[in-house]
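On a predicted model such as this, the values are computed, not experimentally measured, just so you know. Below, all heavy atoms of this structure are taken into account, side chains as well, without hydrogens, waters or symmetry copies.
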Amino acid sequence: MLVWWLSCGVAAVQVSRRAVVLGPLCGGGGGGVSAASASELQKVEAETVTLFEKNTPSVVFIDTFVEQRDALTMNVMEVPAGTGSGFVWDKLGHIVTNYHVIRNAVEAKVTLVDATSGGKIVRTAALRGVDPDKDIAVLTVDGEGQIDPTALRPIVVGSSSSLRVGSSVFAIGNPFGLDHTLTQGVVSGLGREMRSPTGRPITNVIQTDAAINPGNSGGPLLDSQGKLIGMNAAIFSPSGASSGVGFAIPVDTLKTVVESLVAFGRVSRPVLGVSFLETQQARALGIDAGVLVLAAPADGPAAAAGMRGTSRSQDGSLQLGDVIVEIDGSKINSESDMFKALDLRKPGDKISVLVARGQRVAVDGSAQDDVVTVKVPLDVTLGAADDLRLSRAFY
């Protein structure tokens, strides 16, 4: 964004957070724009224009549709549900976007820019795979080889591991249906956390002040070299419009998930094989720290290791299940901590889980103090969950 401000004394041009003083505008002294200042301004603008033009063919526009029954004819029709953004991942026609962009949609149409002719290509997309826990989806628009590979320009993938606060970033997307809109800002923060559509935390999220609005979801966040460093996913805003606080899923997380979805159509995520009580409800029962296990199915990895779920005794009192308080030595205070610990592992890994066991609650909800709580170490071999099974109740 180019911001001009003028006064009778001095004019300044703000470009990419840098101010270039141009000299007096009125009253003696003459001056005007120096050749060096004008050259620097033109260079910065040219770099931004080049970055946008180079990456425009890599960014796509996504229209989603849902089924709706006509009240008069009772016919089922497809009606527009929303719009979003995405980007070309490879020459095979894989498109990456946010899961929440296509969630509940029965059809999605993708509009691409032909990298050779500059014309628009519209295709009905097919779903390749999703990872709701990371808010990532992969579509394909070339299932029958109908698109010339030369028409596709995959985005250049960078790295998010070396990002620093203050680095320049650029967001390209389709806010409010306005296709291929460029906004500019900086990395405002690193290591943020946000909730995925499933409620599971997404960690190491990038915070930026580049304007991100409805319709930008799924679009790329680029560094000053035009390389992908994140996927725009959410904003913090009371009004729903950009407030200067936007969030992007880091590309290092994105790469691992997308490669699995492209190759297998699914992501295998490690699971303990338990269902649990949410932290707020557990605190009402007097559990100050840890994750209360509600159930541990007999055929799951947790039960195989000896973990116990919540049950009722013969006298009607509630026998609380094990409370997970540590995983491999790391303190577990909430389900968020548990998810973070599991995200560092893969199916088949063996982990050490420390649980608190023994507390009982009477029928009226009052605690019984005659039961001693003990710490029990368990060795659990993690199982695998298929993220296409969205209604799963165990983690």
Exercise for review: Assess whether side-chain contact (heavy atoms from CB on, under 4.5 Å) is satisfied between Val141 and Ile147, documenting all intermediate values.
Suggested key: CA-CA 8 Å; Val141 293; Ile147 299 180; 3.9 Å; yes
Review point. Where the side chain of Ser352 meets the backbone of Pro377, is there a donor-acceptor pair that is under 3.5 Å apart?
Key: no
Study note, to complete from the structure: Taken in chain and number order and not counting sequence neighbours, the residues that satisfy salt bridge (Lys or Arg N to Asp or Glu O under 4.0 Å) with Lys120 are Asp179
Exercise for review: Any chance you could lay out the side-chain contact (heavy atoms from CB on, under 4.5 Å) test for Leu228 and Leu221, step after step, and finish with the verdict?
Suggested key: CA-CA 6 Å; Leu228 179 72; Leu221 187 69; 5.8 Å; no
Check your understanding: Do side-chain atoms of Asn98 reach the backbone of Gly218 as a donor and acceptor pair under 3.5 angstrom?
Key -> yes
**Study point:** Nearest atoms (heavy-atom pairs only) where Leu51 meets Asn55
**Key:** O-ND2, 2.8 Å
Check your understanding: Atom CE in Met231, atom CG in Asn216: separation rounded to 0.5 Å?
Key -> 12.5 Å
Review point. Only one of Val60, Leu152, Asp90 clears side chain to side chain contact (heavy atoms under 4.5 Å, CB included) with Ile95; which?
Key: Val60
Review point. Going only through I, L, V, M, F, W and Y residues with side-chain contacts under 4.5 Å, is there a path from Val258 to Val157?
Key: yes
Point to revise | Ionic contact status for Lys134 with Asp343, cut-off 4.0 Å | key: yes
Practice item. Check Arg266 against Ser260 and note the closest heavy-atom contact, atom names and distance. Key: O-OG, 2.8 Å
**Study point:** Full working for side-chain contact (heavy atoms from CB on, under 4.5 Å) between Glu45 and Thr50
**Key:** CA-CA 9 Å; Glu45 287 181 335; Thr50 300; over 6 Å; no
**Study point:** CD1-OH distance between Ile249 and Tyr99, expressed to the nearest 0.5 angstrom
**Key:** 13.0 Å
Check your understanding: Would Ser168 and Gln184 count as a side-chain hydrogen bond (donor to acceptor under 3.5 Å, both in side chains) if you check the C-alpha gap in whole Å, the side-chain angles of each, and the deciding distance to 0.1 Å?
Key -> CA-CA 8 Å; Ser168 294; Gln184 180 180 356; 5.2 Å; no
Review point. Linking I/L/V/M/F/W/Y whenever their side-chain heavy atoms sit closer than 4.5 Å, directly or via other members, would Ile229 and Phe170 fall into one cluster?
Key: no
Practice item. May I ask whether Leu254 and Val169 are part of the same hydrophobic cluster, defined by side-chain heavy atoms of I, L, V, M, F, W, Y residues being less than 4.5 angstrom apart, directly or through others? Key: no
Review point. Got a second to check how far Ile136's CD1 is from Asp131's CG, nearest 0.5 Å?
Key: 5.5 Å
Review point. With a 4.5 Å limit on heavy-atom distance, are the side chains of Leu163 and Leu190 in contact?
Key: yes
Review point. Does some side-chain heavy atom of Met338 sit less than 4.5 Å from a side-chain heavy atom of Ile327?
Key: yes
Practice item. Enter the distance from Thr124:OG1 to Phe65:CZ here, rounded to the nearest 0.5 Å. Key: 8.0 Å
Practice item. Dump the intermediate steps for side-chain hydrogen bond (donor to acceptor under 3.5 Å, both in side chains) on Ser334 and Ser336, then the final yes or no. Key: CA-CA 5 Å; Ser334 65; Ser336 179; 4.8 Å; no
Practice item. Quick one: closest heavy-atom pair of Pro301 and Gly383, and the distance? Key: CG-N, 3.8 Å
Check your understanding: Does one hydrophobic cluster hold both Val130 and Val101, with members joined at side-chain heavy-atom distances below 4.5 Å?
Key -> yes
Revision key, fill the gap. Residues at least two apart in sequence or cross-chain that pass side-chain contact (heavy atoms from CB on, under 4.5 Å) with Ala115, listed by chain then number, are Pro57, Arg153
Practice item. Taking Thr203 for its side chain and Arg192 for its backbone only, find out whether a donor-acceptor pair lies under 3.5 Å. Key: no
Practice item. Any chance you could lay out the salt bridge (Lys or Arg N to Asp or Glu O under 4.0 Å) test for Asp135 and Arg195, step after step, and finish with the verdict? Key: CA-CA 9 Å; Asp135 197 16; Arg195 292 281 179 177; over 6 Å; no
Revision key, fill the gap. Across all chains, not counting sequence neighbours, the side-chain contact (heavy atoms from CB on, under 4.5 Å) partners of Val355 are Met307, Asp322, Ile324, Val353, Arg357, Val376, Leu378
**Study point:** Same apolar cluster (I L V M F W Y, side chains within < 4.5 Å links), Val138/Ile202
**Key:** yes
Exercise for review: Ignoring hydrogens and angles, tell me if any N or O in the side chain of Thr181 forms a donor-acceptor pair with the backbone of Leu178 under 3.5 Å.
Suggested key: yes
Check your understanding: Can you name the salt bridge (Lys or Arg N to Asp or Glu O under 4.0 Å) partners of Asp328, sequence neighbours left out?
Key -> Arg345
Check your understanding: Would Asn174 and Ser85 count as having a side-chain donor-acceptor pair, cut-off 3.5 Å?
Key -> yes
Exercise for review: Evaluate the side-chain hydrogen bond (donor to acceptor under 3.5 Å, both in side chains) criterion for residues Asp133 and Ser196: first the C-alpha distance (whole Å), next the side-chain angles of each, then the deciding distance (0.1 Å), finally the verdict.
Suggested key: CA-CA 6 Å; Asp133 289 339; Ser196 72; 4.5 Å; no
Practice item. Give a yes or no on whether Glu278 atom CD has more than 12 heavy-atom contacts from other residues, nucleotides or ligands under 6.0 Å away. Key: no
Check your understanding: Judged by atom type as modelled, is there a donor-acceptor pair below 3.5 Å linking the side chain of His180 to the main-chain atoms of Val59?
Key -> yes
Study note, to complete from the structure: When every non-hydrogen atom of Ile121 is compared with those of Ala151, the smallest separation belongs to CD1-CB, 4.1 Å
Check your understanding: How long is the span from the CD1 atom in Ile206 to the CE atom in Met194, to the nearest 0.5 Å?
Key -> 10.5 Å
Review point. Do Leu112 and Val110 touch side chain to side chain, with heavy atoms closer than 4.5 Å?
Key: yes
Check your understanding: Would you call Arg283 and Asp288 a salt bridge, using N to O less than 4.0 angstrom?
Key -> no
Practice item. Test Asn213 against Phe176 for side-chain contact (heavy atoms from CB on, under 4.5 Å), laying out the working first. Key: CA-CA 7 Å; Asn213 288 289; Phe176 303 110; 3.5 Å; yes
Review point. At their closest point, which heavy atom of Phe247 faces which heavy atom of Ile212, and how far apart are they?
Key: N-CD1, 4.4 Å
Point to revise | Partner residues of Thr381 under the side-chain contact (heavy atoms from CB on, under 4.5 Å) criterion, sequence neighbours left out | key: Lys350
Exercise for review: Using a strict 4.0 Å threshold on nitrogen-to-oxygen distance, state whether Glu107 and Lys109 make a salt bridge.
Suggested key: yes
Study note, to complete from the structure: Partner of Leu277 under side chain to side chain contact (heavy atoms under 4.5 Å, CB included), picked from Leu294, Val323, Ile287, is Leu294
Point to revise | N-O pairing of Glu193 and Lys340 below 4.0 Å | key: yes
Practice item. Specify the closest pair of heavy atoms between Gly321 and Leu292, including all atoms of both residues, with the distance to one decimal. Key: O-CD1, 3.4 Å
Check your understanding: So, the side chain of Thr48 versus the backbone of Val44: is there a donor-acceptor pair under 3.5 Å, distance only?
Key -> yes
Check your understanding: side-chain contact (heavy atoms from CB on, under 4.5 Å) with Asp252: which residues, sequence neighbours excluded?
Key -> Ser159, Ser160, Ser161, Lys255
Practice item. Return yes when atom CZ of Arg103 has more than 12 non-hydrogen atoms of other residues, nucleotides or ligands closer than 6.0 Å, and no otherwise. Key: yes
**Study point:** Interatomic spacing from CG in Leu261 to NE2 in His94 - rounded to 0.5 Å
**Key:** 9.5 Å
